Amino acid sequence: MSRYDPATLEPKWQAAWEDANVFLAEPSADKPKYYVLEMFPYPSGRIHIGHVRNYTMGDVIARYKLATGHSVLHPMGFDAFGMPAENAAMASGGHPADWTYANIDTMVAQMKPLGFGLDWSRMFATCDPEYYGQQQALFLDFLEKGLVYRKNAVVNWDPVDMTVLANEQVIDGKGWRSGAEVERRELTQWFFKISDYSEELLDALDGLDDWPAKVKLMQANWIGKSRGLQFRFATQDAPEGFDSLEMYTTRPDTFLGATFAAIAADHPLARALAEQNSEIAAFCEECRKGATNEEALEKAEKIGFDTGVTVVNPFQPDRALPVFIANFVLMDYGTGAIYGCPAHDQRDFEFAKKYGLDIVDVFVAETDGVPVSTEAYVPDKDVIVRYLRALAGPEVMTSYEAIDHAIGRCEADGVGEGVTRFRLRDWGLSRQRYWGCPIPVVHCPTCGVVPEKKENLPIELPRDVDISIPGNPLDRHPTWRNCTCPKCGGAAQRETDTMDTFVDSSWYFARFTAPHADTPTDPEAAAYWMNVDQYIGGIEHAILHLLYSRFFARAMHICGHLPETAKEPFNALFTQGMVTHAIFQTRDGEGRPVYHYPEDVDLRDGKGFLADGTEVEIIPSAKMSKSKNNVVDPVAIISQYGADTARWFVLSDSPPERDVEWTAAGAEAAYKHLGRVWILCDRIAQMDKDAAGTGDEDLMRAMHKTIFDVTNGVESFGFNAAIAKLYAFTNTLSKSQASYAAQRQAVMTLAQLMAPMTPHLAEDIWAHQGGEGLVAQAAWPVADEAMLVEDTVTLPIQINGKRKSEIVVPKDASKEEVEKIALADDAVVKALAGGQPKKLIVVPGRIVNVVL
RNA sequence: GCGGGCGUGAUGGAAUGGUAGACAUAUCGGACUUAAAAUCCGUGGGCCGUAUGGCCGUGUGGGUUCGAGUCCCACCGCCCGCACCA
């Protein structure tokens with residue numbers, strides 16, 4: 001043994017762990033359990049360095065928990081349904097299943113050399129019939145409990161390809177393949193009743209102490225609870241049956257600034273008017289153009305059509321407001337009708353300018369009597385409250401109280417009432433696609449929609465489908481949809497829609513507790529392993545995936561698949577950042593960017609050059625993208641440096657919640673450091689075993705301090721800081737003149753502390769020093785508190801808040817003693833020039849501040 | 001557009017409201033070498049100074065505090081999400 005050779009030692013230790021079944025998750029009566037889970041990957045084809053970062057973080061936790069005496073569950077699987085498989089099949093002529101399973105095989109083969117402590121015996125893919133069959137069983141249970149229902153909803157429709165498009169397939173309002181302008185079209189679809197749980201999902205966020213505050217805030221905003229006034233505006237010149245229009249508002253300050261009303265193209269009134277007037281009908285069609293996503297709707301040019309109908313605001317009986325049909329009002333939100341206050345809302349202001357509507361400024365007193373003219377005046381809270389108090393009386397202190405005041409008035413007059421609303425909409429799960437979990441229901445001409453019998457599950461996807469043309473292959477399959485009605489036994493048709501892939505990922509964490517059970521979960525296993533103690537994944541899942549999973553856990557509890565305690569399935573959540581990489585680009589003759597691979601770029605003094613000497617532009621920290629040629633392939637990194645270097649680097653350079661930029665220099669540095677640690681270990685192993693030395697005590701103090709710091713770092717996701725402490729301790733150890741016994745203890749402890757991050761190297765050091773068994777199974781070192789405290793502390797002295805000097809005082813010195821020593825300090829004496837300080841602040845153990 | 005976040009040396013970053021820049025990389029200087037690489041030692045925010053040291057400094061502008069990278073307000077820039085991408 002003479003050099004660090006990861007290519008040899010890594011497979012060796014991986015085999016050793018496997019032989020010893022180190023990571024097989026087994027319930028234990030006398031150990032606490034710990035379930036650590038990283039968001040499972042989509043089988044895109046190859047693992048990405050971002051996966052390496054994600055699973056390394058989870059692995060650090062898993063290995064640490066194992067070392068601290070837990071029974072650990074750390075599983076891996078694949079989120080395997082979805083559009084990319086269909087797209088790949090369309091492009092290559094293959095089959096989505098073949099593509100998916102081949103990718104899974106490749107990715108597993110790429111993951112194993114990274115040495116993750118995973119229980120591979122629990123692996124599954126969501127496209128396995130064993131998995132999605134249980135998902136169908138869940139669907140049937142939800143249906144029975146009223147947690148799923150059918151209603152109409154709007155989808156993106158490509159009129160040329162005659163197919164439904166996902167939002168990502170809509171580019172600038174046009175279909176990605178056909179280029180045709182996308183239309184909004186209504187289909188009957190299945191929905192989960194997540195909105196029934198709005199209040200609960202919101203309230204329960206309070207109990208999620210180990211979730212990032214920002215994720216909880218984003219979810220709270222997404223659920224969007226509001227208390228407002230729902231009130232009726234009496235109509236004039238409206239078709240029969242439309243005596244009034246219902247509006248909802250949370251903004252009492254805009255009541256009197258209202259100058260127009262707008263309704264959705266799908267509002268019943270708009271539909272009624274369209275029947276009578278072809279111009280209105282044409283306009284409504286126009287409004288239905290464009291994508292369904294909120295961002296597109298918000299950014300789209302606002303257009304309106306004056307219907308000739310007017311309404312009267314109950315707060316302003318003498319003013320008739322024109323009613324427009326407008327493309328920015330959606331039937332799904334609120335009542336499908338709004339009133340506009342142009343003076344105090346920029347969007348309404350622009351609409352009013354465009355259509356020549358009145359602008360009534362109710363805050364004119366706040367703007368020195370100058371009314372709104374070029375843009376809306378949006379008042380801040382204090383201004384609103386002052387205004388409302390003047391309007392409604394001195395008891396009004398908040399906007400909320402003003403709403404209550406208005407509610408009272410409207411209820412007395414019979415024109416409105418208080419309503420609590422949520423922004424959260426029900427979760428539409430129907431997808432008109434092949435590669436997903438079939439929805440297990442049957443459409444019977446006599447019985448209507450009938451749930452499939454559980455004994456017929458799984459309803460498997462047919463293998464023989466034609467993927468090559470747009471549309472749902474299940475829909476046009478010659479025989480698959482033909483079946484018998486589970487109720488009457490007559491000829492019937494299967495539902496051909498499949499489920500949103502978010503359904504697949506909303507309960508996989510529960511399935512991991514009993515991946516082979518013939519029910520969705522095994523109650524005993526679920527009771528033992530749930531909840532997920534630590535969940536780790538990207539911030540991009542902050543809202544949808546995590547909210548859906550929280551809903552699913554509740555629904556599964558209602559159906560008896562999860563215990564009450566698992567209603568919040570993730571005890572702690574950590575959202576990690578991306579791995580980025582610089583883009584190296586030059587420009588072609590027309591100024592278009594040309595992207596260069598990192599291996600073609602020579603970096604010198606922060607500049608990059610091609611082989612011919614051309615300087616390239618470096619765009620740092622860009623998201624990795626195949627088209628930008630800046631993707632780092634973990635497989636190449638492992639073959640060059642080994643898994644431990646990759647693991648060490650992705651943890652070391654940035655805080656885990658932030659993005660980390662992959663650099664060749666950084667990877668090289670990590671590799672060199674691991675090599676130095678190995679050589680250090682080797683040197684200590686060759687020392688004279690009886691060698692005495694100096695500085696044993698100092699080395700042991702440094703060791704215990706490092707144990708303390710690294711333990712804290714691992715516990716609190718401060719991996720980068722923990723690694724910095726390990727660097728410092730390595731430096732200390734390599735300079736140490738301590739005895740062999742002390743140095744051996746230090747290097748073995750170093751190996752233990754590094755083991756969660758660089759497990760292979762740690763095992764090698766452990767074995768090299770004659771350690772017993774595997775370091776993966778050794779107990780985590782414990783810091784000796786007595787070794788952490790020094791006898792004296794150095795306190796900085798500030799004069800007027802600026803550091804000027806420092807003093808050394810005994811660690812248990814009283815405040816008075818510290819004051820005395822501080823006042824005797826040369827710098828303080830000089831600054832005081834014989835006078836007395838105005839104030840003397842002593843923070844024991846921390847700092848002294850002398851105020852002159 | 002709406003919601004959320006981030007901003008510290010040349011670079012990645014460290015810092016329970018208490019010594020800003022730990023640790024690492026680049027650079028520069030030195031040792032070793034015929035030389036280079038590797039390795040080791042040192043330097044490593046800016047300005048002034050031979051130096052002891054001094055002044056400035058955490059995106060910008062204000063505020064709170066004995067003390068602000070950290071807390072509050074406004075602004076600028078970048079990133080993420082927006083319900084059929086996973």
Side-chain angles (χ1 to χ4, degrees), chain A residues 39 41-42 44 79 81-84 153 155-156 164-170 189 194 212-215 217-222 224 291-300 328 332 346-347 423-433 500-502 504-505 538-545 547-548 575 577-578 580 603-606 620-621 623 652-655 657-661 663 665-666 668-670 672-673 675-676 679 718 720-721 723-728 731 734 794-798 800-806 837-841 843 845-852:
Chain A
M39 290 179 187
Y42 179 79
S44 55
D79 187 15
F81 275 135
M83 291 201 306
V155 294
N156 299 308
V164 176
L165 298 178
N167 281 336
E168 74 158 11
Q169 296 173 319
V170 180
Q189 309 203 62
I194 189 171
K214 64 176 170 181
V215 173
L217 186 59
M218 284 160 94
Q219 291 218 351
N221 287 338
W222 187 261
T292 58
N293 61 317
E294 201 167 314
E295 186 191 2
L297 291 168
E298 285 295 332
K299 284 185 173 169
F328 60 89
D332 291 1
Q346 190 58 25
R347 188 178 69 181
R423 205 182 77 98
L424 181 64
R425 310 198 300 258
D426 277 335
W427 167 16
L429 66 118
S430 300
R431 297 292 181 272
Q432 297 69 41
R433 276 181 261 285
D500 177 8
T501 56
F502 270 119
D504 312 338
S505 56
I539 186 72
E540 67 274 19
H541 295 293
I543 296 171
L544 294 179
H545 163 60
L547 193 61
Y548 291 159
T575 54
M578 288 187 305
T580 62
L603 289 170
R604 295 192 299 265
D605 293 355
S621 301
K623 190 173 180 168
S652 67
D653 247 24
S654 280
E657 67 277 14
R658 232 189 278 178
D659 291 351
V660 61
E661 179 163 5
T663 61
E668 184 73 30
K672 281 183 189 170
H673 176 72
R676 274 194 294 270
I679 288 164
N720 57 325
I723 283 178
K725 301 291 183 187
L726 289 167
Y727 267 106
N731 293 343
S734 65
T794 304
L795 292 185
I797 297 201
Q798 294 184 332
N800 286 340
K802 286 190 187 282
R803 198 195 80 96
K804 293 291 174 182
S805 181
E806 58 185 34
K838 207 180 278 174
K839 207 168 176 183
L840 189 60
I841 290 144
V843 184
R846 272 287 167 200
I847 204 163
V848 177
N849 192 8
V850 183
V851 185
L852 299 178

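The sequence lines fix the lettering, A, B, ..., with proteins before strands; numbering per chain opens at 1. Computed from a prediction, not measured in an experiment: that's the story for all the values here.
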Of all the nucleotides listed (G4(B), U25(B), G67(B)), which has the minimum atom distance to the side chain of Asn221(A)?
-> G4(B)

Taking only residues two or more places apart in sequence or in another chain, which ones pass ring-ring contact (aromatic ring centres under 6.0 Å, His included) with Trp427(A)?
-> Phe192(A), Tyr548(A), Phe552(A)

With a 4.0 Å cut-off on heavy atoms, is Gly82(A) in touch with a base, just the backbone sugar-phosphate, or nothing at all?
-> sugar-phosphate

Hey, what are the protein-to-nucleotides 76-83 of chain B N/O distances that come in under 3.5 Å?
{"residue": "C82(B)", "atom": "N4", "partner": "Glu295(A)", "partner atom": "OE1", "Å": "3.2"}
{"residue": "C82(B)", "atom": "N4", "partner": "Glu295(A)", "partner atom": "OE2", "Å": "3.1"}
{"residue": "A83(B)", "atom": "OP2", "partner": "Glu294(A)", "partner atom": "N", "Å": "2.9"}
{"residue": "A83(B)", "atom": "O5'", "partner": "Asn167(A)", "partner atom": "ND2", "Å": "3.4"}
{"residue": "A83(B)", "atom": "O2'", "partner": "Arg425(A)", "partner atom": "NH2", "Å": "3.4"}
{"residue": "A83(B)", "atom": "N6", "partner": "Arg423(A)", "partner atom": "O", "Å": "3.2"}
{"residue": "A83(B)", "atom": "N1", "partner": "Arg425(A)", "partner atom": "N", "Å": "3.0"}

Distances under 3.5 Å only, N/O to N/O: pair up the protein atoms with those of nucleotides 51-55 of chain B.
{"residue": "C55(B)", "atom": "OP2", "partner": "Lys804(A)", "partner atom": "NZ", "Å": "3.3"}

If we only count heavy atoms from C-beta on, is the Val170(A) to Asn293(A) side-chain gap below 4.5 Å?
-> no

Phosphate OP1/OP2 of G13(B) contacted by Asn720(A) side-chain N/O (<4.0 Å) = no

Please state whether the phosphate of G12(B), meaning OP1 or OP2, lies under 4.0 angstrom from any side-chain nitrogen or oxygen of Ser654(A).
-> no

Helical stems, RNA chain B - three or more consecutive Watson-Crick or G-U wobble pairs below 3.5 Å = B:1-7 with B:76-82, B:10-12 with B:23-25, B:28-31 with B:39-42, B:45-48 with B:53-56, B:59-63 with B:71-75

With sequence neighbours left out, the residues meeting side-chain hydrogen bond (donor to acceptor under 3.5 Å, both in side chains) with Lys672(A) are none

Quote, to the nearest angstrom, the C1' distance that separates A83(B) from U11(B).
-> 39 Å

Do Arg846(A) and U16(B) have a side chain to base donor-acceptor pair shorter than 3.5 Å?
-> yes

Pro796(A) has a side chain; which of A24(B), C66(B), U19(B) sits nearest to it?
-> U19(B)

Answer yes or no: does a side-chain N or O of Arg658(A) lie under 4.0 Å from OP1 or OP2 of G7(B)?
-> yes

Ranking C66(B), C85(B), G12(B) by distance to the side chain of Asp653(A), first place goes to G12(B)

Closest to the side chain of Met83(A), out of C85(B), U39(B), A20(B), is C85(B)

Using the 3.5 Å cut-off, write out each protein N or O paired with an N or O of nucleotides 61-65 of chain B and the distance between them.
none

Among Asn167(A), Leu297(A), Val155(A), find the residue that satisfies the side-chain contact (heavy atoms from CB on, under 4.5 Å) test when tested with Thr292(A).
-> Asn167(A)

Could Glu294(A) and Arg423(A) be called an ion pair, given the rule that one side-chain N must be under 4.0 Å from one carboxylate O?
-> yes

Any donor-acceptor N/O pair under 3.5 Å between C84(B) base and Gln432(A) side chain = yes

Pick base, sugar-phosphate or nothing for Leu217(A), based on heavy-atom distances below 4.0 Å to the nucleic acid.
-> sugar-phosphate

Nearest-neighbour nucleotide for the Gln189(A) side chain, U39(B), U19(B), C84(B) considered | C84(B)

Should Thr501(A) be listed as having a side-chain N or O under 4.0 Å from OP1 or OP2 of A86(B)?
-> yes

